[in-house]
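Inspection log for the structure reproduced underneath, given as structure tokens.
Predicted, not measured: the structure shown is a model, and the values here were computed from it. These numbers come from the heavy atoms of this one structure, side chains and all, not from hydrogens, waters or symmetry mates. Order of the sequence lines fixes the chain letters, A, B, ..., with proteins taken first and strands second; residue numbering starts at 1 for each chain.
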Amino acid sequence: AQSVTQPDIHITVSEGASLELRCNYSYGATPYLFWYVQSPGQGLQLLLKYFSGDTLVQGIKGFEAEFKRSQSSFNLRKPSVHWSDAAEYFCAVGALRESGYSTLTFGKGTMLLVSP
Amino acid sequence: KAGVTQTPRYLIKTRGQQVTLSCSPISGHRSVSWYQQTPGQGLQFLFEYFSETQRNKGNFPGRFSGRQFSNSRSEMNVSTLELGDSALYLCASSLGSPVPGTANTGELFFGEGSRLTVL
């Protein structure tokens with residue numbers, strides 16, 4: 001079964017500084033990977049996804065992520081953080097099985113705090 | 001295009017009662033998944049329905065059940081509520097399993113959730 005680890009529960013970044021949120025996954029075949037963001041009291045919004053092809057993917061709100069198969073990682077980055085980026089971020093991995101059926105498994109999330 | 005709609009947004013119940021939550025997926029989406037979100041456990045998969053059939057179920061007791069209607073709308077029910085059932089219940093819809101070479105990458109579109117408090 002697939003699993004996702006987000007090693008950082010909380011991260012504090014100064015506004016304007018760069019950001020990297022870590023995500024490691026475990027899955028035997030080629031995974032498809034997602035990053036979602038959740039603001040307080042809201043549902044999850046998709047930031048970006050990796051399915052195949054170019055390992056550097058661009059998302060909304062200036063975010064990008066890089067798939068590194070050798071490290072089983074899919075870290076999320078942003079060059080300059082804005083105060084409105086403060087939220088909880090979830091990495092998710094999907095499994096495409098022979099039957100075609102798949103589910104998404106989520107990490108426990110990383111809470112991003114942005115300091116002035 | 002309307003997003004995923006969940007009702008009610010907030011509800012308070014007491015132990016032993018039951019609750020039914022509703023989810024209307026994005027038009028054209030035939031897959032509906034349910035997740036329970038709590039501070040300690042994060043997002044935990046409950047079950048997924050596709051074309052009125054439950055395709056997979058997470059590791060939850062039988063008190064948690066669901067169904068999907070012919071119009072893809074879904075409901076989940078929790079019977080004999082316990083204090084530990086207090087959580088945000090999230091519904092997500094999708095086109096279904098990802099299809100390589102197409103725009104369907106299996107991404108989930110989430111509703112805003114139903115916040116259940118059990119007293």
Pick one of side chain, backbone, both or neither for Phe50(B), based on which atoms fall under 4.5 Å of a heavy atom in chain A.
->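 Contact with chain A involves no heavy atom of Phe50(B) at all.
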Bottom line for Leu108(B): the part with an atom under 4.5 Å from chain A's heavy atoms is both
Under 6.0 Å from the six-membered ring centre of Phe34(A) and within 45° of its axis: does the NZ or CZ of Lys49(A) meet both?
-> no
Measure [X] against the heavy atoms of chain B and call it side chain, backbone, both or neither at under 4.5 Å.
X	answer
Leu44(A)	both
Phe90(A)	side chain
Gln38(A)	side chain

Using 30° and 60° as the class limits, which term best fits the ring planes of Tyr32(A) and Phe51(A): parallel, tilted or perpendicular?
->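 Rings of Tyr32(A) and Phe51(A): perpendicular, over 60°.
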Tyr36(A)/Phe106(A) aromatic ring centres below 6.0 Å | yes
Any donor-acceptor N or O pair under 3.5 Å, side chains Ser114(B), Arg9(B) |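 Note: Ser114(B) and Arg9(B) side chains miss the donor-acceptor criterion.
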Is the closest side-chain donor-acceptor distance between Arg30(B) and Ser72(B) under 3.5 Å?
-> no
Between chain A and each of Glu107(B), Arg115(B), Gln37(B), Gln44(B), count heavy-atom pairs under 4.5 Å; write down the option with the most.
-> Glu107(B)
